[in-house]
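These numbers come from a predicted model, not from an experiment.
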Amino acid sequence: MAQNREKVPNKIEVRGADVHNLKHIDVDIPLNQVVGIAGVSGSGKSSLALGVLYAEGSRRYLEALSAYTRRRMTQAEKAEVEAVRYIPAALALRQRPGVPGVRSTFGTATELLNSLRLMFSRLGSHRCPNGHYVPPSLNVAAMKAITCPTCGAQFYGPGAEDLAFNSRGACPTCEGTGLVRTVDEATLVPDETLSIDEGAVRPWQTLMWSLMKDIAREMGVRTDVPFKDLTPKERDIVFNGPAVKKNIIYQNKTSGASGDMDFTYFNAKYTVENALSHVKDEKGMKRVEKFLKTAVCPDCGGTRLSEAARAPKLRGITLDQACQMTLTALCGWVKGVPGTMPDEMRPMAASICASFEGTAKRLLDLGLGYITLDRAASTLSTGERQRMQLARAVRNRTTGVLYVLDEPSIGLHPANIEGLTGVMGDLIDDGNSVVLVDHDTQVLRQADWLIEMGPKAGADGGQVIAQGAVEKMEKDSASIIGPYLSGETVQVRKHCPESAVFDNGAIRMKTGPIHTVKPLDVAFPKGRLSVVTGVSGSGKTTMILESLIPGLTAQIEGRPLPAHVKGIEASGIEQVKLIDATPIGINVRSTVATYAGVHDRLRKIFAQTDEAKAAGFKPGAFSYNTGALKCPTCEGTGTISLDVQFLPDVEITCPDCDGTRYSAEADHIHWHNKAKRALTLPQLMAMSVDEALEACQGLPAVCRRLQVLHDLGLGYLTLGEATPGLSGGEAQRLKLASEMGRPQKDALFVFDEPTIGLHPLDVKTLLTVFQTLIDFGATIVVIEHDLDVIHNADYLVDMGPGGGEEGGRIVAAGTVEAVKNCAESVTGRYL
């Protein structure tokens, strides 16, 4: 037996892996260590980590379950690999956790609220029907009636579900969302110089028959004078008039026929409310939402809870008050709960509180102690959401699991990475293995073993170019990441001299307090590269995405500023463009070629060929979404899904078009390029951007668009690649394609963590793109933790000094040198 133990495998053996662009690679992954996978964007890192290791680790674990259970789970298909030996069960933490819905809060997403509701239900003082509070008792847990010692009334205590805003405890007014949508009167008549006949009352123009003008006239409103000249009584009829019936003679504009009917008057406000109640889809909502404003629910004060759910008290406070505490403060409060209970209730109290504290510990370790439980999950940054996901995965003290982490450094300030390193260390100590895909050299240096993929992207990548311990990689001439591991920085652009930073003017903003962010007074120089930095939770997202962008947008559109934005000056700025990492397109029909506008040009060119004209094919025929030449088997998607009952659905390349999305007829229509090479549209769509750039010489409009993609560092993407599958960094750069080479003097570009998924070499390309935009007059503000981007900024705004209540203010603002020399700045220490 002892001899056998010596043969326990210490590495995962991958043999002949061909997933995506992997070139039939063989590689060993050490077990019970932190293994980093590095490489330029598109080099095959995720293909190895997620496409091979996670896919096989999770698939084989699920195969051990019963067929009945497997049928009800989403499963990975078998990876294209000859053999994977000694792989543990695997869990993956994705690069981009989905943005939560309106009902999700930090408390629900972390499941801390479950324990807290249980505390208030089982351990709280409950209110009798006559308003008296009854001390805690075991009766609630025993499901017995409670007797009020003051008035003798008998009642049952609430269960945990009665305290849930997503269930029976929801405020009836806002239905548990904490927000109500009301009609924004300012939008109903945007231009008071118009008369009602000229369309002054917007909802009557867009949401309801213009017949309302005739009824208003019958009710004594002058419809032929400017709206501003109406009497208060006339204005009141327009906005609040009663739903009276009037007999109106009307004429059908199309047929000319006329007739009379009774019509009910819908005032301007009710027109919007009625349209809102009948909304069935996104399109309908778009028509109505421009007339609405969102406000805090007046009945629950934004707590989401009904009056009854806010009644129970524990340690002197109610559930909604507990949810308003930061996690750090709440943990201290929970610790004191068992001691306030009668003796017979203490074991139950200790058990419930231990459950809460166990979940909270990991979140505190990952630096999320500054967040309150009632914080809407949609307002959390990507990094915060990913660390919530990480905490959920690691709190169970498993052993023998392979954790695959996809860019765990996203959204983490260098100071926060130390907490991440600690969690990875705990996982290894518990007997697990960690594989992480990352570009951040600070994270990669923490790995016990590195594997580098490359040498380039796409078809030129997919090979292991170097591997070994960090010290070996730093000296390995074959390694591209090596020099950056040993401290080399990326410096691409010259800084603007400090004295000239604000020479082009400034965007200035003043705000009141919101979340944990204190009142701010901030300026960003126009025509420069500004970077907003600070530890996680310091207020970067709140300042830029929740204040600057909505404030500027409202000012440009002539709408009132958000309540907490006290003032904005931005002379000359007419457009605000947020470039974030949300996926492009929602289905596989959106491709690189369609998004970049290349496909439309190519369809027109192919429609002009003799073969297309002879067959009667117009440009529309070459659309693989609706055209006559789309593959009838896969309907132009390039893949088909096979339902194989209790095994996972198998997604396969369409056998008839071989993934080209086109029918066989498209292979008979040729365009001859400058080099006299005959090409079909399916052939062009299978090419990378760089290959197509060469093939399409002589088509200036196509080459212009392809050149922009090449300059953005996306030359390795194929034209037919589906955009929803692109990484966050790729999606951001593709969104920029239509902006390049145009005057941008009136534009503010805001980038939210643009280095997501970017190798240091790609960061160089990104900085060159920033410089190109600035050369065309753009103003750029970037939310970023990457030290290379920070080093290249003209102006820094550093938030902090800590997260949550310990942050939320501007610690330092100025040049890189100025922030370096600020003793209070945490970012300054890392610069």
Using the salt bridge (Lys or Arg N to Asp or Glu O under 4.0 Å) criterion, which residues pair with Arg559? Sequence neighbours excluded. Glu557
Thr755 and Glu784: side chain donor to acceptor below 3.5 Å: yes
For Glu574, what residues pass the side chain to side chain contact (heavy atoms under 4.5 Å, CB included) criterion, not counting sequence neighbours? Asp746
Would you list the pairs meeting side chain to side chain donor-acceptor pair (under 3.5 Å) in which at least one residue belongs to residues 164-174, sequence neighbours left out? Arg103-Asn166, Glu161-Ser167, Asp162-Arg168, Thr173-Asp299
Side-chain H-bond candidate by donor/acceptor type, Arg589 with Asn625, under 3.5 Å: yes
Minimum side-chain heavy-atom gap Arg304-Glu175 below 4.5 Å: no
Could you list the residues that satisfy side chain to side chain donor-acceptor pair (under 3.5 Å) with Lys526, not counting sequence neighbours? none
Is there a donor-acceptor contact under 3.5 Å from the side chain of Trp204 to the main chain of Phe266? yes
Can you run down the salt bridge (Lys or Arg N to Asp or Glu O under 4.0 Å) pairs that involve residues 264-274, sequence neighbours left out, and say none if there aren't any? Glu185-Lys269
Side-chain H-bond candidate by donor/acceptor type, Thr591 with His599, under 3.5 Å: no
When rounded to the nearest 0.5 angstrom, what is the spacing between CG in Leu548 and CZ in Arg508? 13.5 Å
Who pairs with Arg181 by salt bridge (Lys or Arg N to Asp or Glu O under 4.0 Å), at least two apart in sequence or on another chain? Glu289
Are the aromatic ring centres of Tyr270 and Tyr265 under 6.0 angstrom apart? no
For residues 502-523, which residue pairs qualify under ring pair (Phe, Tyr, Trp, His ring centres under 6.0 Å), counting only residues two or more places apart or in two chains? Phe502-Tyr795
Could you list the residues that satisfy side chain to side chain contact (heavy atoms under 4.5 Å, CB included) with Glu730, not counting sequence neighbours? Leu714, Tyr716, Leu717, Leu726, Ser727, Arg733
Under the rule for salt bridge (Lys or Arg N to Asp or Glu O under 4.0 Å), what residues qualify as partners of Asp711, not counting sequence neighbours? none
Excluding sequence neighbours, so at least two apart, what forms salt bridge (Lys or Arg N to Asp or Glu O under 4.0 Å) with Arg310? none
Can you tell if the side chain of Phe751 reaches within under 4.5 Å of the side chain of Ile783, non-hydrogen atoms only? no
Atom pair CG (Asp752) and CD1 (Ile579), whose distance is rounded to the nearest 0.5 Å: 11.0 Å
What verdict does the side chain to side chain contact (heavy atoms under 4.5 Å, CB included) test give for Ile810 and Val797, after you've listed the backbone C-alpha separation in whole Å, the side-chain angles of each residue and the deciding distance to 0.1 Å? CA-CA 7 Å; Ile810 295 167; Val797 176; 4.1 Å; yes
Could you list all the side chain to side chain donor-acceptor pair (under 3.5 Å) pairs where at least one residue sits in residues 222-235, not counting sequence neighbours? Glu192-Arg235, Asp197-Thr223, Arg217-Thr223, Arg222-Glu234, Thr231-Glu234
Mark yes or no for whether Ser623, through its side chain, and Gly620, through its backbone, hold a donor-acceptor pair below 3.5 Å. no
Which value, rounded to the nearest 0.5 Å, describes the distance between Lys540 atom NZ and Asp798 atom CG? 9.0 Å
Taken to the nearest 0.5 Å, the spacing of Ser378 OG from Arg385 CZ works out to 8.5 Å
Who pairs with Tyr370 by ring-ring contact (aromatic ring centres under 6.0 Å, His included), at least two apart in sequence or on another chain? none
